[in-house]
Amino acid sequence: MQKWIVTGISGSERIELLNELKDYIENNSDKRVGVYDVGDLIKIECKKNKNPLIDERILDIDRSLLNCLRSCAIREIQMSLMKNNNIKAHFIGIHATFRWKNRIIPGILYKDLCSLKPTGLINIQRDVKDKHAANKKNTKWDEDTLPDLKETQEWMMEEEFVTEVLADVLEVPIYLISRKHNLSNLADLFLSNKKKIYLSYPITEIQEENPQLLAEIQGPMLKRLEDLFVVFNPLSIKDMSLTYPDAGKEMPALPGLIEQLTQDEKDLIKKRTIERDFQFIDQSDAIVVIYMTNKLSAGVLAEIYYAHRNQIPVFMAFSGKKSPFIEDATDVIEEDIETLIKRLEKFARYKKGNRQL
């Protein structure tokens with residue numbers, strides 16, 4: 001029985017994703033899935049004790065009472081786990097941190113985590129503009145307290161960092177998962193023994209030079225790779241689009257918001273993107289590089305060397321002149337994509353730890 005703690009800040013839609021994953025798995029297999037929203041269970045605990053809480057004010061209550069309510073909610077989850085030990089995977093949605101009125105409030109206690117003995121932790125990632133838009137509709141914030149794009153990013157970083165620390169202390173795996181991860185492929189992470197890969201390609205360079213190839217990578221090629229692996233795709237999160245010169249014109253649904261971004265805020269988006277993509281590589285068994293252009297992509301080269309230094313195999317389709325530096329950092333280089341995929345089909349069949357590539 002798997003037990004996963006799933007974190008994500010307000011607006012990440014972690015519970016919505018978990019419910020969609022539950023529906024997909026139960027509609028397409030004989031497996032059952034449990035989903036628990038600790039926030040909702042806290043409200044139920046309050047009603048049981050005839051102490052109704054106003055959702056918009058729940059974080060204003062005494063810290064000890066909040067911790068007690070959360071522990072009660074988690075005990076309810078533990079009882080459900082014991083009664084439903086035939087369920088394949090349980091997903092427990094909870095905040096790692098809260099940002100509230102210029103304070104950082106813990107979303108879970110270490111002792112509660114230990115009592116659950118989780119299989120691992122998951123942090124749900126979503127475009128910062130989408131999180132901001134979702135929170136803007138949430139009645140718990142007004143115009144004065146609503147986190148702006150920079151504050152939303154900082155909260156996301158805090159949530160991810162605390163989740164990583166907890167996973168490290170508990171010595172369990174952690175995965176960053178995009179809200180837009182394909183459900184059928186995400187289900188494979190929990191129901192199959194598929195290897196995991198990070199898909200690397202020079203997005204900007206291909207978009208400018210050969211948009212048809214980009215559509216091919218994001219469409220049929222991605223589908224073929226998802227049949228073989230659990231795929232972490234950098235374009236499942238498009239925060240970098242906010243930093244482009246024409247972002248305001250391309251996203252008119254965000255009037256004034258993008259134009260208000262300072263250079264420091266754009267730099268933060270860029271740094272967050274780098275760290276997130278490196279984490280995607282860390283949680284993968286290999287990276288697959290599609291480099292069918294002669295243009296230089298510093299990002300792809302950085303990802304290749306990051307994987308190489310961390311002993312993660314690199315599979316590459318490269319049509320240009322081979323450099324000894326690239327050859328030294330890659331395990332497999334093929335001149336065309338089809339030949340590379342054939343090599344990947346063999347790699348997908350090897351047991352983990354087998355270095356035959």
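Positions are given from 1, in the same order as the sequence printed here.
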Quick one: does any side-chain atom of [X] pair with a main-chain N or O of [Y] as donor and acceptor, under 3.5 Å?
X	Y	result
Gln78	Ser115	yes
Asn27	Asp23	yes
Asn185	Phe229	yes
Tyr175	Ile124	no
Asn84	Ile87	no
Arg14	Gly93	no
Thr243	Lys266	no
Glu159	His95	no
Asp188	Val230	no

What I'd like to find out is whether the side chain of [X] reaches to under 4.5 Å of the side chain of [Y], using heavy atoms alone.
X	Y	answer
His90	Leu81	yes
Ile197	Ile287	no
Ile281	Ile312	yes
Ile237	Arg276	yes
His181	Leu21	no
Met316	Ile326	yes
Tyr36	Ser80	yes
Ile108	Val162	no

Would one find more than 12 heavy atoms of other residues, nucleotides or ligands at under 6.0 Å from atom CD of Glu16?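 For Glu16, atom CD is crowded (more than 12 foreign heavy atoms under 6.0 Å).
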So for atom CD, which belongs to Gln263, do other residues, nucleotides or ligands contribute more than 12 heavy atoms lying within a distance under 6.0 Å?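 Above 12, so yes.
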Ionic contact status for [Y] with [X], cut-off 4.0 Å:
X	Y	value
Arg179	Glu13	yes
Glu158	Arg99	yes
Lys150	Glu154	yes
Arg343	Glu338	no
Lys31	Glu26	no
Asp127	Lys238	no

Roughly how far apart are [X] [atom1] and [Y] [atom2], rounded to 0.5 Å?
X	Y	atom1	atom2	answer
Leu166	Ile174	CG	CD1	8.5 Å
Ser200	Ile290	OG	CD1	9.0 Å
Leu340	Met292	CG	CE	9.5 Å
Gln283	Leu189	CD	CG	8.5 Å
Arg272	Asp267	CZ	CG	13.0 Å
Met240	Ile269	CE	CD1	8.5 Å

[X] and [Y]: side-chain donor and acceptor closer than 3.5 Å?
X	Y	value
Tyr306	Asp282	yes
Gln125	Asn123	yes
Asp112	Ser71	yes
Thr262	Asp264	no
Asp336	Thr339	yes
Gln218	Tyr201	yes
Gln279	Glu275	no

How about Phe91 and Phe190: are their ring centroids closer than 6.0 Å?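 Yes: the rings meet the under 6.0 Å criterion.
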Under 6.0 Å between ring centres: does that hold for Trp155 and Phe98?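 No, too far apart.
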Of all heavy-atom pairs between Ser178 and Leu17, which one has the smallest distance, and what is that distance?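 The pair with the smallest heavy-atom distance is O-CD2, 4.1 Å.
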What about Leu109 and Leu69, same hydrophobic cluster or not, with Ile/Leu/Val/Met/Phe/Trp/Tyr joined at side-chain heavy-atom distances under 4.5 Å?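 Unlinked, Leu109 and Leu69 end up in two clusters.
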In sequence, state the C-alpha distance, the side-chain angles, and the governing distance for Asp227 and Lys223, and then conclude on salt bridge (charged side-chain N to carboxylate O under 4.0 Å, His left out). CA-CA 6 Å; Asp227 288 341; Lys223 176 63 173 66; 2.8 Å; yes
Can you name the one residue among Tyr198, Tyr291, Phe347 that meets ring-ring contact (aromatic ring centres under 6.0 Å, His included) with Phe315?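 Among Tyr198, Tyr291, Phe347, the one that satisfies the ring-ring contact (aromatic ring centres under 6.0 Å, His included) with Phe315 is Phe347.
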